There are 2 protein chains.
Amino acid sequence: MTADLGQIESVTIQLQVYNRLREALFTGKLLPGESLTIRNLAAMLGTSPMPVREALQRLVAEHALTQLPNRTFCVTPFTAAMFRELMRVRMAVEGLAANQAVRRITPETIARLREINLEMKAGVEEGVPTAVMTANRAFHFTLYESAEMPQLLDIINGLWLRAGPYLMNAHRKLDNPTPFLRAGTLFHERIIAACERGTPTAAARAIAGDIWHSARYFRRNVDVINEATPPAAATPRRGRRRAEPSES
Amino acid sequence: MTADLGQIESVTIQLQVYNRLREALFTGKLLPGESLTIRNLAAMLGTSPMPVREALQRLVAEHALTQLPNRTFCVTPFTAAMFRELMRVRMAVEGLAANQAVRRITPETIARLREINLEMKAGVEEGVPTAVMTANRAFHFTLYESAEMPQLLDIINGLWLRAGPYLMNAHRKLDNPTPFLRAGTLFHERIIAACERGTPTAAARAIAGDIWHSARYFRRNVDVINEATPPAAATPRRGRRRAEPSES
DNA sequence: AATCGTGATCTGTGATCTCAATTTGCGGTA
DNA sequence: TACCGCAAATTGAGATCACAGATCACGATT
């Protein structure tokens with residue numbers, strides 16, 4: 001009947017706060033163990049505490065943030081074991097994504113992947129870690145999006161979100177990250193080749209290799225970064241249970 | 001310094017609401033497409049709308065609930081394609097969990113698995129689908145817990161949560177579910193055998209088989225259940241943007 | 001009789017306030 | 001100097017209120 005005038009997207013404040021925090025985690029602006037308070041953020045962002053609270057709780061649900069026993073929020077600190085687990089999960093999940101992506105990827109997207117990898121190489125040679133990380137993220141996600149599995153993509157997003165505070169800060173701790181980063185681009189070339197040949201299992205293997213490599217790169221930095229973590233309080237807090245859910 | 005007196009677990013109302021809704025989803029008390037309102041639930045549970053709101057938002061973040069363009073909440077309805085994707089992801093993720101579980105599982109846990117599977121068999125022969133589903137869930141999760149990968153377990157929990165409304169209601173739509181359910185116990189036996197022999201890849205294969213089988217069981221019910229879904233409104237809503245997050 | 005406008009009601013979002021519990025810092029005591 | 005204790009400031013949780021948009025029903029108009 002009427003023409004399609006497009007959607008008026010309603011961005012709630014809560015979502016804006018969430019996205020902003022998310023980006024801060026991705027880019028490593030928030031360090032593991034760093035604590036966040038509702039009122040502070042609300043004041044910084046110019047809103048009431050309410051939307052901030054809900055954004056924080058959502059990030060807690062996604063395990064990007066942690067709520068200590070005293071209920072204060074902090075960026076989830078990882079142990080080396082947790083980091084290893086995370087990488088294992090990534091290998092399985094992103095392996096599946098790569099596998100499925102190869103079956104559906106278009107030549108245009110492959111071209112785009114090659115382009116992104118060139119950007120990444122440039123960043124490596126010019127020694128701009130930020131650009132490298134950005135390109136790396138773009139490479140992986142454009143690949144995974146080709147799988148057309150939104151639920152899987154969502155899981156992967158969650159995994160990257162948790163790894164973010166480490167990935168972005170790790171390069172600061174290395175004296176010469178270039179050879180490591182360069183190796184990353186080689187894995188990417190292997191992935192591109194698998195896309196061209198249409199060999200899903202080879203792509204999955206290459207992704208797993210890439211993740212494994214980056215894990216070796218970052219793992220030892222986990223504890224280094226975490227040692228900046230404040231001790232994190234001890235005693236629990238006896239929540240307030242004014243009303244009691246009564247019936248079903 | 002002081003003795004460890006254990007933790008006084010502070011269960012917030014929000015968490016109580018969350019857990020109750022979660023259980024309702026798992027057991028299929030909430031149907032796909034069914035809509036929920038904050039105030040209704042708050043009145044039913046005898047609390048203020050606030051904790052309910054936060055519990056609902058958390059479930060939305062986990063994709064167990066969906067927020068329509070008009071911002072009302074409903075149990076996420078699946079298309080057949082989404083269901084297929086979910087099963088594919090489950091095969092990969094739970095396959096990994098089974099694989100790792102075999103490497104760490106103890107004889108006691110294996111005995112427990114066998115016990116649970118007997119319960120499940122009993123439920124099948126006596127025709128008590130609820131008992132079967134409960135035992136099935138217990139079987140899978142005691143297996144996965146042996147992997148000692150909490151992050152992976154959390155992902156699996158999310159996947160099951162989304163499948164819950166279907167799994168529990170599917171049997172109602174079948175005239176004779178017994179042979180299908182019986183086949184499930186056979187896969188479980190295969191899994192137990194893999195645990196005993198200590199063959200991780202065989203366990204992963206068996207889990208994948210189990211999931212694949214149950215997918216075949218439930219897939220066609222997806223649309224049957226969803227057709228009870230109300231049409232779900234059309235026009236978007238122009239949120240209210242009173243305050244604007246200003247600076248970083 | 002079908003359609004459109006108008007009002008009441010419902011729904012989620014955000015702001016504000018209160019409360020309980022933790023945390024912090026200062027002062028006094030041993 | 002080290003330790004203990006109490007009070008002020010801070011923090012998250014929950015309740016209540018205000019508001020904008022959506023939904024629905026009823027009635028007037030064509």
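Here is how names work: the chains are called A, B, and so on, in the same order as the sequence lines, proteins then strands, and each is numbered from 1. These numbers were taken from a predicted model, which means no experiment stands behind them.
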Going by salt bridge (charged side-chain N to carboxylate O under 4.0 Å, His left out), name the residues that satisfy it together with A/E119, two or more places apart in sequence or in a different chain. none
Salt bridge (charged side-chain N to carboxylate O under 4.0 Å, His left out) involving A/R22 - partner list, sequence neighbours excluded: none
Any chance the side chains of B/T106 and B/E108 put a donor and an acceptor closer than 3.5 Å? yes
In terms of heavy-atom contacts, B/I116 and B/A135 come closest through CG2-O, 3.3 Å
Residue pairs fulfilling salt bridge (charged side-chain N to carboxylate O under 4.0 Å, His left out) with at least one residue in residues 41-66 of chain A, sequence neighbours excluded: A/R53-B/E54, A/E54-B/R53, A/R58-A/E62
Considering residues at least two apart in sequence or located in another chain, which fulfil the salt bridge (charged side-chain N to carboxylate O under 4.0 Å, His left out) criterion with A/E148? A/R104
Using atom CG of B/L68 as one end and atom C1' of C/dT11 as the other, report the distance to the nearest whole Å. 12 Å
Establish, with yes or no, whether the OP1 or OP2 oxygen of D/dA15 is under 4.0 angstrom from a side-chain nitrogen or oxygen of B/Q14. no
B/F73 has an atom CZ; how far is it from atom C1' of D/dA22, in whole Å? 15 Å
Once salt bridge (charged side-chain N to carboxylate O under 4.0 Å, His left out) is applied, do any residues pair with A/R90, and if so which ones, sequence neighbours excluded? A/E94
Take the protein atom CD of A/Q16 and the nucleotide atom C1' of C/dT13, then report the distance between them rounded to whole Å. 13 Å
When you get a sec, tell me which of D/dG14, D/dG12, C/dG12 is the closest nucleotide to the side chain of A/T37? D/dG12
Which whole-number value in Å describes the distance from A/I38 CD1 to D/dG14 C1'? 12 Å
When rounded to whole Å, the CG to P distance for the pair A/L41 and D/dT11 reads 11 Å
With respect to the side chain of A/R39, which nucleotide from D/dA18, D/dG12, D/dA15 is positioned closest? D/dG12
Rounding to a whole Å, what distance do you find between A/Q67:CD and D/dG12:P? 8 Å
Minimum-distance nucleotide (side-chain atoms of A/R71 versus D/dT16, C/dG12, D/dA13): D/dA13
Would you say B/N70 places a side-chain N or O within less than 4.0 Å of OP1 or OP2 belonging to C/dT11? no
Could you tell me the separation between the CD1 atom of A/I13 and the C1' atom of C/dA15, rounded to a whole number of Å? 10 Å
What is the distance, to the nearest angstrom, from the CG atom on A/L15 to the P atom on C/dG12? 17 Å
Contacts to DNA chain D from residues 49-66 of chain A, heavy-atom cutoff under 4.0 Å, which residues? A/M50, A/R53, A/Q57
